[in-house]
Number of protein chains: 2
Amino acid sequence: MTLLPVIEATACCAPLTRDAMTQSQADDLAKSLKAIADPARLRLISIIAASEGQEACVCDLTEPLEIGQPTVSHHLKVLTDAGFVTRSKRGTWAYYALVPGALDSLARLLVTA
Amino acid sequence: MTLLPVIEATACCAPLTRDAMTQSQADDLAKSLKAIADPARLRLISIIAASEGQEACVCDLTEPLEIGQPTVSHHLKVLTDAGFVTRSKRGTWAYYALVPGALDSLARLLVTA
DNA sequence: GACCTATATCGATGGTTGTCAATATTGACT
DNA sequence: AGTCAATATTGACAACCATCGATATAGGTC
């Protein structure tokens, strides 16, 4: 499933509270919010963000959350599809990094006035 | 179901990206995000926010969204439980108003550094 | 009280989603 | 080629959720 990346979804629009949203604006924003509205995914973002270079290896993400490796992989895919993180493979390892500004664009949409 | 209001859920904490979150912090934040991660609820917030005094009657909320009245009522309850809006009844009508600062507290948690 | 209007609650239903176990893929190393 | 380690994908299942129709509640008016 391809998903409108956050940055594009947010580049165009007035804040949530300025004007009544259209249905498709609401759909896009809801998709972005759904992508981060999960405890496991929030913790993944949080760990990645706190890591050096805002980048972390999957091997460092599996233990702290107490869920299986396939589930971690699934959550990382959701975050990637939504445009919050990017994946780069180096050797056998996969590194996930925050997309700079992605969370901020989203946050800006929620601020009132 | 009682839910930790956004304001309280966010009053205490460092931004999402400063430090690794605990499980319960992630649970709370995810609940707040889930509450607004729905197109119908985003449009409700949006319409309320764009109204005079950031307050709107349910009667003005049912038509624009093209969903049934019980569904609108359900979404408003979710938003109320999560602390984004408050309900006040005047006569036969129910008015929902934005909780000042609720969305902003949430947004602040998402901003990086 | 009887009736109407506005809103809330209940029960059911179809669709989505988080999780897991099992398996596949990919890359490194001998 | 063969093996091992890291990660991704698949298929299944239970839990959750958005929506609806039907009904209940509450306030106003006659």
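Lettering of chains follows the sequences in order, A, B, ..., and the numbering in each one begins at 1. Nothing here was measured: the structure is a model prediction, and the numbers come from that model.
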What residues from residues 67-76 of chain A pass a heavy-atom cutoff of under 4.0 Å to DNA chain D?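 Contacting residues: A/Gln69, A/Pro70, A/Ser73.
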Using a 3.5 Å distance criterion without hydrogens, assess whether the side chain of B/Ser105 forms a donor-acceptor pair with backbone atoms of B/Gly101.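 Judged by distance alone, yes, a pair lies under 3.5 Å.
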Between A/Arg41 and A/Ala35 (side chain of the first, backbone of the second, donor and acceptor by atom type, cut-off under 3.5 Å), is there such a pair?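 Yes.
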Per-nucleotide protein contact string for nucleotides 24-30 of chain C (B base, S sugar-phosphate only, - none; heavy atom under 4.0 Å): --SSS--
Does a side-chain N or O from A/Arg87 land closer than 4.0 Å to OP1 or OP2 of D/dT7, or not?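 Checking D/dT7 against A/Arg87, no side-chain N or O comes under 4.0 Å of OP1 or OP2.
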According to a strict under-4.0 Å criterion, is B/Tyr96 in side-chain N/O contact with OP1 or OP2 of C/dA8?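 Checking B/Tyr96 against C/dA8: at least one side-chain N or O falls below 4.0 Å of OP1 or OP2.
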Let me know the distance between [atom1] of [X] and [atom2] of [N], rounded to the nearest Å.
X	N	atom1	atom2	answer
B/Lys34	D/dA18	NZ	C1'	14 Å
A/Glu63	D/dT7	CD	P	11 Å
B/Asp60	C/dA6	CG	C1'	12 Å
B/Leu61	C/dA8	CG	P	10 Å

Can B/Lys77 and B/Asp81 be counted as an ion pair, charged N to O under 4.0 angstrom?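 Salt bridge: yes.
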Under 4.0 Å, heavy atoms only, any strand: does A/Tyr95 hit a base, just the sugar-phosphate, or nothing?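 Nothing, no nucleic acid heavy atom in range.
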Partners passing side chain to side chain donor-acceptor pair (under 3.5 Å) against A/Asp60 (at least two apart in sequence or in another chain):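 Result, side chain to side chain donor-acceptor pair (under 3.5 Å) vs A/Asp60: none returned.
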